[in-house]
Amino acid sequence: MNRTHTNGELRLSDVGKEVKLVGWVAKKRKFRNILFVDLRDRYGITQVVFDEEILGSIPDLRNEYVLEVSGVVLKKEVANPKLKTGEIEVSIREFEILNTAKTTPFMIQDETDGLEDLRLEYRYLDLRRPIIQEKLIMRDRVTGIIRNFLHELNFIEVETPILGKSTPEGARDYLVPSRLYHGNFYALPQSPQIFKQLLMVGGLDRYFQVARCFRDEDLRADRQPEFTQIDIEMSFVEEKDIFEVVEKMMKKIFKDIKSIDLPKFKVIKYVDAMERYGSDKPDLRFGNELLDVSTIFKNTEFTIFKNVLENGGLIKALVFKDIADQLSKKDFEKLQNYVKKYGAKALAYLKYQDEISGSIAKVLSDNEKEELKAKLNIGNNDVVFMIADSYKVVSAALGALRVKLAKDFNLINQDSYEFAWIVDFPMYEYSEEEQRFVAAHHPFTSPKIEDIDKLIDDKANCYSRAYDLVLNGYELLSGSIRIHNQELQAKVFEALGLSLEEAKDKFGFFLEAFEYGAPPHGGVGIGLERLIMILSNTDNIKDVVAFPKTASASDLMSGAPNDVDIKQLKDLGIALITKEN
RNA sequence: GGUCCGGUAGUGUAGCGGUUAUCAUGCCUCCCUGUCACGGAGGAGAUCGUGGGUUCGAGUCCCAUCCGGACCGCCA
């Protein structure tokens, strides 16, 4: 069954050769005495010709039959420029049908008719589509580049446990019941965080892993319950050392995959990113920055603005140039509804045309409108959007609007890749729900040295050595310099509201490890799927996962999750709670 | 936990109170030596997601439920 060539391989220079090909029937075009078949495999498509004069008869082939064919390579009189192999065809002398196939539920081609749920149910057929294969092949290339790159820098790949210990902070764990210890559970790792730090304590110095991670949270178009993180940790480093490794690695990936030479990555402080873009993962492919216009309205008569300012809120503006004539009243209504999702009560807007119109044109003074115009450098046909609310709501709503409008008005260059390190994240964020400060990152993140004194008494102004790398509006990776000092770690646990007892119960082994000479260390976790999504120009994470789950975390193909035999539950000592009790 | 959108031949869709349930594609049969989105003729193919209700009459309206999708919350 040895093929001599793949279906993407034969060229004009192969004319005259005897070849053997294998593959699937992608398409057939039949006449009385001749049959053309597009034979497909992972490498491409080759047209093969079944000629009655040569074979005596024409076989009855259907789409997706699996064939082995032998024949001679001929030059085509009229080439097909759409195929790499379009200048030749193979005239069949012998063939064998290796397998037949039912009619597929959707067309096996890039432009398929099947919708996503159907394609997921028959993922093994969906995987035959070149457009899906390309993405998995790219994913393999990227992990290959990463492995080679890190190995050259003395990193070693270590596998850490999948069955671990549940820690109730953070994302919800996937739990695995223990058969030997009834009532006890393993947790699947949300990330190999503790283990990789212990590898540093263990003296491994430079570690990485292509790590599967699991989070039992609700999904999104860019989130799966299980995903892959390129997990990296280094000893005896500071931020700049880690940035250098990651930056070189990204440059290597973009050079090899996209033939792009990336410039040096920007560095933006978290507070500046929030101020300018309303987001800690800003899309830097376009401008349209947020501007604080509170001072213009400090003596305003407009009660809504006035009240917000009096209650400690602020007013920010977002300007989009030369679009006023393209937005109808209905469009503005849609945008007003859009920002409500983010908690904004309203979206104010002004259209600067021959006259100034818009939702708040009548309630603002001429002076205010002119001041806005001057401060925001507004020209004819520009639109100013404003939201007055708390800092958090203004940032979230106006930040999201900024991205939406840029997309709607095609202001984003799809071929550009704008990286930036976001640094100096706050140590805590305030949880409205719990009415207290909670950890903004995992509890092993080091505070800024100069902020150690603020850990307990001034949480609002305490910053950490955490950083993200953002790319085109996505958080590509997250990392930090870790705490390596037992006392500081204990202090941070305390600051986070973990009693010494709780801390010992949950992380005792970890704290103890720090008493035996833990080196300074830090690292990152890179979201592999997101990187591949960006590289392959898709906004759907399912496209870059071989067997993805739906938005409700089910596998339409296998039917997972499913109920299990009562005997299995008994072995585990588990009884199910039914709705009745 | 919440908001919104969708579910009609194999597939993608039209229909929005009375139709023989639309169109395209796929499928099957026949015709066609050069197609490469082949072409031509004909044919089969739909418990309109499921269960209730309103109505003389329900893909069509209402309620519930299941499934899929997007988003908010969530994702230390």
Side-chain angles (χ1 to χ4, degrees), chain A residues 26-39 45-54 58 60 62-64 74 76-83 85-87 89 91 102-122 125 167-173 190-191 193 213-225 227 337-344 393 396-397 400 404 425 427-429 431-434 437-445 464 466 475 478 480 492-493 496-498 527 539-540 542 549-552 554 556 559:
Chain A
K27 206 158 229 182
K28 55 193 184 338
R29 293 172 290 278
K30 195 185 167 195
F31 297 84
R32 181 156 195 71
N33 300 317
I34 195 164
L35 169 68
F36 301 95
V37 166
D38 290 343
L39 198 64
I45 283 176
T46 300
Q47 173 165 289
V48 300
V49 187
F50 295 81
D51 192 327
E52 194 180 54
E53 277 181 33
I54 297 167
I58 291 184
D60 183 23
R62 308 284 153 127
N63 283 341
E64 301 309 316
L74 302 178
K76 286 176 74 168
E77 287 191 15
V78 182
N80 180 356
K82 288 172 196 161
L83 296 180
T85 60
E87 290 188 290
E89 65 188 8
S91 177
K102 292 204 291 184
T103 300
T104 55
F106 55 89
M107 285 190 259
I108 311 295
Q109 50 188 267
D110 283 353
E111 296 288 325
T112 185
D113 53 353
L115 294 184
E116 191 179 74
D117 54 343
L118 190 74
R119 294 197 287 112
L120 290 185
E121 186 180 346
Y122 297 93
L125 295 178
T167 51
E169 297 274 326
R172 201 176 289 125
D173 287 321
Q190 298 175 25
S191 101
Q193 186 62 36
C213 303
F214 307 84
R215 288 177 192 174
D216 189 6
E217 295 292 345
D218 287 354
L219 308 179
R220 286 288 188 284
D222 64 348
R223 266 176 10 206
Q224 283 274 300
F227 58 98
N337 283 326
Y338 180 77
V339 299
K340 282 178 188 165
K341 290 195 299 187
Y342 298 89
V393 168
K404 178 181 168 52
F425 273 79
M427 192 75 186
Y428 306 94
E429 59 193 12
S431 164
E432 302 286 343
E433 195 182 326
E434 298 180 43
F437 281 96
V438 297
H441 299 274
H442 58 66
F444 320 115
T445 304
S464 73
E475 176 194 314
S478 210
S480 64
V492 168
F493 280 145
L496 292 174
L498 233 66
D539 52 13
N540 187 348
K542 298 187 192 95
K549 301 221 168 20
T550 66
S552 41
S554 68
L556 293 176

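In what follows, chains are A, B, ... by sequence order, proteins preceding strands, each numbered from 1. The structure presented is a predicted model; accordingly, all values stated were derived computationally and were not measured.
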Could you give the distance from [atom1] ([X]) to [atom2] ([Y]), rounded to the nearest 0.5 Å?
| X | Y | atom1 | atom2 | result |
| --- | --- | --- | --- | --- |
| A/D113 | A/M107 | CG | CE | 3.5 Å |
| A/I54 | A/I34 | CD1 | CD1 | 8.0 Å |
| A/L35 | A/R29 | CG | CZ | 9.0 Å |
| A/T85 | A/N80 | OG1 | CG | 8.0 Å |
| A/I45 | A/Q109 | CD1 | CD | 9.0 Å |
| A/Q190 | A/F214 | CD | CZ | 11.5 Å |

For [X] and [N], what is the distance between atoms [atom1] and [atom2] respectively, to the nearest whole Å?
| X | N | atom1 | atom2 | result |
| --- | --- | --- | --- | --- |
| A/N540 | B/rC71 | CG | P | 9 Å |
| A/F106 | B/rA9 | CZ | C1' | 18 Å |
| A/N63 | B/rG26 | CG | C1' | 9 Å |
| A/K30 | B/rU29 | NZ | P | 8 Å |
| A/K27 | B/rA37 | NZ | P | 7 Å |
| A/R32 | B/rC38 | CZ | C1' | 18 Å |
| A/E87 | B/rC36 | CD | P | 18 Å |
| A/E475 | B/rA76 | CD | P | 9 Å |

Counting C-beta onward and ignoring hydrogens, is there a side-chain heavy-atom pair between [X] and [Y] closer than 4.5 Å?
| X | Y | result |
| --- | --- | --- |
| A/L115 | A/F106 | no |
| A/T550 | A/L556 | yes |
| A/E116 | A/N540 | yes |

[X] has a side chain; which of [options] sits nearest to it?
| X | options | result |
| --- | --- | --- |
| A/T103 | B/rC71, B/rG26, B/rC74 | B/rG26 |
| A/L556 | B/rC67, B/rA70, B/rU33 | B/rC67 |
| A/K542 | B/rC74, B/rA70, B/rG68 | B/rA70 |
| A/F31 | B/rG69, B/rG68, B/rU33 | B/rU33 |
| A/D113 | B/rA76, B/rU11, B/rG34 | B/rU11 |

Between the base of [N] and the side chain of [X], is there a donor and acceptor pair under 3.5 angstrom?
| X | N | answer |
| --- | --- | --- |
| A/R220 | B/rG73 | yes |
| A/E111 | B/rG12 | no |
| A/D218 | B/rG73 | yes |
| A/R223 | B/rC75 | yes |
| A/Q47 | B/rU35 | yes |

Phosphate OP1/OP2 of B/rG68: any A/S554 side-chain N/O under 4.0 Å
yes

Could you tell me whether the phosphate oxygens of B/rA37, OP1 or OP2, come under 4.0 Å of any side-chain nitrogen or oxygen in A/K82?
yes

Describe the nucleic acid contact of [X] in one word from base, sugar-phosphate, nothing, applying a heavy-atom distance below 4.0 Å.
| X | value |
| --- | --- |
| A/T445 | nothing |
| A/E116 | sugar-phosphate |
| A/V49 | nothing |
| A/L496 | nothing |
| A/K76 | base |
| A/L83 | nothing |
| A/P105 | sugar-phosphate |

Which nucleotide, in any strand shown, forms a Watson-Crick or G-U wobble pair with [N], with both distances under 3.5 Å?
| N | result |
| --- | --- |
| B/rA64 | B/rU50 |
| B/rG43 | B/rC27 |
| B/rC56 | B/rG18 |
| B/rC38 | none |
| B/rU3 | B/rA70 |

How far does the [atom1] atom of [N] sit from the matching atom of [M], given to the nearest Å?
| N | M | atom1 | result |
| --- | --- | --- | --- |
| B/rU50 | B/rG6 | C1' | 16 Å |
| B/rC36 | B/rU22 | C1' | 31 Å |
| B/rC5 | B/rA14 | P | 16 Å |
| B/rC23 | B/rC62 | C1' | 30 Å |
| B/rC48 | B/rC16 | C1' | 13 Å |
| B/rG57 | B/rG1 | C1' | 41 Å |
| B/rG17 | B/rA58 | C1' | 7 Å |
| B/rA41 | B/rG51 | P | 41 Å |

Between A/S552 and A/A396, who's closer to the 5' end of RNA chain B by nearest nucleotide?
A/S552

Earlier contact from the 5' end, RNA chain B, for A/R29 and A/T550:
A/R29

I want to verify the glycosidic state of B/rG59; is it syn or anti under the 90° rule?
syn

Measure the distance between the ring centre of A/F36 and the centre of the six-membered base ring of B/rU35, then answer whether it is under 5.5 Å with planes under 30°.
yes

